[in-house]
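Here is the structure we will look at.
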Amino acid sequence: MSVHMSPEEFRRHGKQVVDWIADYLACVESYPVMSQVKPGEIRRALPSGPPERGEPFEAVLSDLGRVLMPGVTHWQHPSFFGYFPSNASGPAILGDLLSSGLGVQGMSWVTSPACTELETLVVDWLAELLALPARFRTDAAGGGVIQDSASSASLVALLAALHRAGDGRVADEGVTRRYTLYVSSQTHSSLEKAARIAGLGSVGVRAVRVDPRTLAMDPGHLRTLLAEDAAAGAVPTMVCATVGTTSTTAVDPVAAIGEVCREHGVWLHVDAAYAGVAALCPELRWLNDGVAEYADSYVTNPHKWLLTNFDCTVLWTADRAPLLGALSILPEYLKNTATSVGSVIDYRDWQVPLGRRFRALKLWTVLRWYGAEGLRAHIRKGVELAQELASWIAAEPGFEVREPHPLGLVCFRPVWQELDAADADRATMRLMELLNTSGSMYLTHTRVDGRVELRMAIGGVATERRHVERAWEQIRWEHAALSRTLPGDPEH
Ligand SMILES: *Cc1c(COP(=O)(O)O)cnc(C)c1O
């Protein structure tokens with residue numbers, strides 16, 4: 001007898017699994033949003049060693065329900081408002097399952113032509129849907145590629161920028177000069193990580209000032225830093241502008257930054273990991289002002305707000321030559337006719353790993369299931385609910401809402417009249433903990449200008465107006481209850 005699961009067994013268990021997922025999605029709302037387990041609890045509930053003999057699949061499903069589920073935080077819960085949404089829609093889950101079923105390893109075109117060609121198609125489609133410039137399309141000098149995460153994509157952009165800044169010598173000689181990367185205090189930490197990995201080190205990362213009110217990068221300060229560094233013998237390599245920062249969705253002035261980049265011949269990378277997909281909606285296309293004219297590379301994550309389960313990042317570049325120059329290596333065991341004739345794309349040269357999953361399938365199933373119309377409706381709903389929430393908070397005495405909030409994220413904080421800044425921040429954190437341990441909603445925090453703010457990110461697949469309303473009710477209620485226990489309260 002074979003040790004493998006036969007196709008008939010697979011059919012049976014596969015149906016069980018699909019049913020399990022359908023049941024889960026149908027009743028996800030009945031779980032506490034944030035897992036309430038203590039560290040080590042899940043690990044201790046499982047056998048310490050692996051099984052010697054194979055077990056029935058039902059035993060695995062049973063442990064999933066009994067042991068693992070209490071340790072799961074429900075990102076698809078309609079009252080999950082933490083971080084950014086991580087949409088897992090039905091068509092995406094099924095597309096991912098199909099990708100697993102095919103078991104393709106698409107490192108080169110020849111290893112599965114459909115994997116490469118569908119990817120080229122869907123990234124060009126997405127560029128069109130987001131009204132990104134024609135030069136990002138694969139039929140021009142640029143092109144897009146699906147990666148595992150925005151972090152990897154920004155690293156790849158930095159490697160391409162280094163290739164260009166070092167006149168093509170970095171790939172051979174390494175980082176022999178002082179190459180510099182420009183970010184702001186609001187830039188995602190993955191850029192500093194990329195600088196460390198690429199050999200620039202954290203010392204090679206230069207922090208550009210931000211406008212204290214909008215938190216957007218100051219192009220004038222960028223110009224000053226670039227000139228100073230160049231005069232001191234550094235090689236300014238890449239500027240990262242962010243469209244929709246992780247902390248507060250601040251938007252850097254891409255056009256003004258791009259103008260400075262052009263003066264200095266520096267690569268402009270645009271990190272629009274969360275917000276970029278909002279450009280599906282014509283009324284939000286202003287987000288990408290300046291991208292068409294100035295960006296050398298651009299990244300956005302369908303795996304956040306665009307209904308495609310993790311992982312699915314798209315990176316576009318206006319010129320694929322430096323990318324390929326930085327990353328192409330062709331060992332003997334990967335040589336094949338299609339590659340040597342140069343008639344195909346080998347996406348392994350566009351990313352850090354060699355191997356690649358057939359991720360285009362899930363983006364394709366999502367784009368075809370929803371259509372542009374359905375995708376726009378999803379983005380608009382998140383934006384509308386966020387705007388409503390912000391208006392409720394702004395109208396509530398004792399709360400402050402951060403302006404502007406053009407997308408699905410609202411940052412706000414209670415004022416805590418009688419407390420100094422440090423105690424007020426502690427009270428805000430305590431409020432968040434009470435809300436999150438209640439199990440009925442989940443939100444996260446950030447710190448702006450030294451002060452704690454709560455973040456509520458709206459845009460889940462299942463999130464409806466009533467979930468946002470209920471969350472706001474609960475925030476007000478817990479805030480009032482907590483206020484009564486604080487010093488300064490007459491009843492204290
Ligand atoms: C989420 C986020 C990232 C990181 O995305 P990963 O795909 O998880 O690496 C980078 N930049 C911004 C602006 C983000 O919001």
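Read the numbers this way: they start at 1 and go in the same order the structure lists the ligands and their atoms. These numbers come from a predicted model, not from an experiment.
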Looking at H303, K193, H188, Q147, the heavy atom closest to atom 3 (C) of ligand 1 belongs to H188
Does an N or O anywhere in T242 fall below 3.5 Å from an N or O of ligand 1? no
Among side-chain atoms of H269 and S154, is any donor-acceptor pair under 3.5 angstrom? yes
Would you say the side chains of Y442 and H74 form a donor-acceptor pair under 3.5 Å? no
Could you tell me, atom by atom, which parts of ligand 1 come under 4.0 Å of a heavy atom of F84? 15 (O)
Top protein contact for atom 14 (C) of ligand 1, by heavy-atom distance: K304 NZ, 2.9 Å
For A234 and T180, which heavy atoms make the closest approach, and how far apart are they? CB-CG2, 4.1 Å
Heavy-atom contacts with G244 under 4.0 Å: which atoms of ligand 1 show up? List them by number with element. 13 (C)
Quick test: of every protein heavy atom, which one is nearest to atom 11 (N) of ligand 1, and how far off is it to 0.1 Å? D271 OD2, 2.6 Å
Going by salt bridge (charged side-chain N to carboxylate O under 4.0 Å, His left out), E119 matches just one of R356, R348, R359. Which one? R356
If you count every heavy atom of other residues, nucleotides or ligands that lies below 6.0 Å from E373 atom CD, does the total exceed 12? no
Proximity of D311 to ligand 1 by residue part, where a heavy atom lies under 4.0 Å: neither
Atom 9 (O) of ligand 1 sits nearest the protein heavy atom S151 OG, 2.6 Å
Would you mind listing which atoms of ligand 1 come within a distance below 4.0 Å of any non-hydrogen atom of T246? 12 (C), 13 (C), 14 (C), 15 (O)
Is the shortest side-chain N to carboxylate O distance from R451 to D449 below 4.0 Å? no
To which of C240, G276, A150 does the heavy atom nearest atom 7 (O) of ligand 1 belong? A150
Is the F399-W472 ring centre distance short of 6.0 angstrom? yes
